[in-house]
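Notes for the one structure printed next.
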Amino acid sequence: MKNWKLVLPLCLLGPLMGALMVMGVFPEGSDRFAWSAVIGLTAYLCARYEREHALLHGAVIGFWNGASATLVQALFLDTMAKNNPYVIEKFASKPAGFDLEYFVFMLVPFIGVTGGGMTGLLAMLAARVMSFREQAASPRKGNHP
């Protein structure tokens with residue numbers, strides 16, 4: 001990691017999103033739009049300020065944000081279920097022996113890897129687009145008549 005001034009503030013978005021989910025701020029299904037904004041903003045900032053290492057920075061930030069948000073939800077599952085009744089409704093027909101708390105804790109690394117992969121790849125793509133645009137906009141030396 002080269003740019004901790006970029007990484008640390010963006011790593012606060014994961015726990016914040018987890019806390020907002022626990023508090024029931026998002027109506028059912030709308031959290032995906034907030035997550036899209038978080039991933040897009042993170043990818044853009046990584047591509048802009050760490051173009052050479054956009055994939056690394058995006059993947060680390062995305063992993064942390066995904067894992068920490070899910071961990072916050074797992075730690076406060078009772079409060080989240082109370083504030084988001086649709087979560088319990090989705091698991092109403094769960095099989096015998098299904099433990100929702102264990103299930104959410106087990107999701108932490110998977111959500112982290114998925115978030116890291118998505119954010120890192122989007123940051124890498126954005127960095128390439130930015131580099132391509134800069135090259136296209138700059139005049140080429142030696143081609144003037």
Side-chain angles (χ1 to χ4, degrees), residues 1-140:
M1 290 271 106
K2 293 182 85 175
N3 193 345
W4 289 103
K5 289 181 181 180
L6 173 68
V7 172
L8 293 178
L10 291 173
C11 282
L12 296 175
L13 295 174
L16 174 65
M17 287 291 292
L20 292 173
M21 277 297 295
V22 168
M23 291 187 295
V25 171
F26 302 112
E28 183 177 3
S30 66
D31 61 320
R32 71 186 79 189
F33 300 111
W35 272 115
S36 296
V38 167
I39 291 170
L41 174 70
T42 300
Y44 170 76
L45 292 173
C46 288
R48 181 167 179 197
Y49 295 111
E50 278 299 328
R51 195 160 300 164
E52 295 291 320
H53 301 100
L55 174 63
L56 173 66
H57 284 76
V60 168
I61 295 166
F63 176 83
W64 172 258
N65 282 343
S68 64
T70 309
L71 184 61
V72 167
Q73 293 171 25
L75 291 171
F76 298 100
L77 188 61
D78 293 336
T79 305
M80 187 172 97
K82 184 177 70 173
N83 293 333
N84 301 287
Y86 63 87
V87 172
I88 298 302
E89 290 172 12
K90 286 184 179 180
F91 292 99
S93 61
K94 60 187 174 195
F98 180 81
D99 184 3
L100 182 59
E101 186 175 15
Y102 178 77
F103 177 72
V104 177
F105 272 111
M106 290 302 296
L107 284 177
V108 171
F110 296 105
I111 300 295
V113 168
T114 302
M118 288 173 40
T119 308
L121 290 175
L122 190 58
M124 182 181 70
L125 177 64
R128 288 187 178 186
V129 167
M130 288 178 184
S131 294
F132 177 75
R133 285 187 175 174
E134 280 181 2
Q135 289 175 356
S138 65
R140 296 184 184 187

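Atom CD1 of residue Ile61 and atom OG1 of residue Thr42 lie 6.0 Å apart, to the nearest 0.5 angstrom. The CE atom of Met17 sits 4.0 Å away from atom CZ of Phe26, with the distance rounded to the nearest 0.5 Å. Remark: Met80 CE to Ile88 CD1 distance equals 8.0 Å, nearest 0.5 Å. In this structure, CG on Leu100 lies 4.5 Å from CG on Leu77, to the nearest 0.5 angstrom. With rounding to the nearest 0.5 Å, the separation of CG in Leu41 from CG in Leu13 is 7.0 Å. For the atom pair CZ (Phe105) and CG (Asp99), the distance works out to 10.0 Å, reported to the nearest 0.5 Å.
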**Report entry** Test log, rule side-chain contact (heavy atoms from CB on, under 4.5 Å), inputs Met130 and Tyr44
**Finding:** CA-CA 10 Å; Met130 288 178 184; Tyr44 170 76; 3.3 Å; yes
Query raised in the report: Run the side-chain contact (heavy atoms from CB on, under 4.5 Å) check on Thr114 and Phe63 step by step: do they pass?
Result: CA-CA 7 Å; Thr114 302; Phe63 176 83; over 6 Å; no
Report task. Mind running side-chain contact (heavy atoms from CB on, under 4.5 Å) on Glu28 and Glu89 for me, showing each step along the way? Result -> CA-CA 11 Å; Glu28 183 177 3; Glu89 290 172 12; 5.7 Å; no
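Surrounding CH2 of Trp64 are at most 12 heavy atoms belonging to other residues, nucleotides or ligands under 6.0 Å away. No more than 12 heavy atoms of other residues, nucleotides or ligands shown are found within 6.0 angstrom of CZ on Phe110. For Phe33, the CZ atom sits in a loose shell: 12 or fewer heavy atoms of surrounding residues, nucleotides or ligands are nearer than 6.0 Å. Heavy-atom contacts from other residues, nucleotides or ligands closer than 6.0 Å to CD of Glu134 number more than 12. In this structure, Phe76 places its CZ atom where only 12 or fewer heavy-atom neighbours from other residues, nucleotides or ligands lie under 6.0 Å away.
Classified by interplanar angle (parallel below 30°, tilted 30° to 60°, perpendicular above 60°), the ring pair Phe98/Phe103 is tilted.
Taking every heavy atom of both residues into account, Ala43 and Ala123 meet most closely at CB-N, 3.5 Å. Scanning all heavy atoms of the two residues, the minimum distance from Met21 to Asp31 falls at SD-CB, 3.7 Å. Scanning all heavy atoms of the two residues, the minimum distance from Val7 to His57 falls at CG2-CD2, 3.5 Å. Leu6 and Cys46 make their closest contact through CD2-CA, 3.9 Å (heavy atoms, listed as atom of the first residue, atom of the second, distance). Residue Cys11 comes nearest to Asn65 through the heavy atom pair O-OD1, 3.3 Å, listed as atom of the first residue, atom of the second, then distance. Here the shortest heavy-atom pairing between Arg51 and Ser131 reads CD-OG, 3.0 Å.
With Asn84 contributing its side chain and Val87 its backbone, the two residues share no donor-acceptor pair below 3.5 Å. Thr119 places no side-chain N or O within 3.5 Å of a backbone atom of Gly116 that could act as its donor or acceptor partner.
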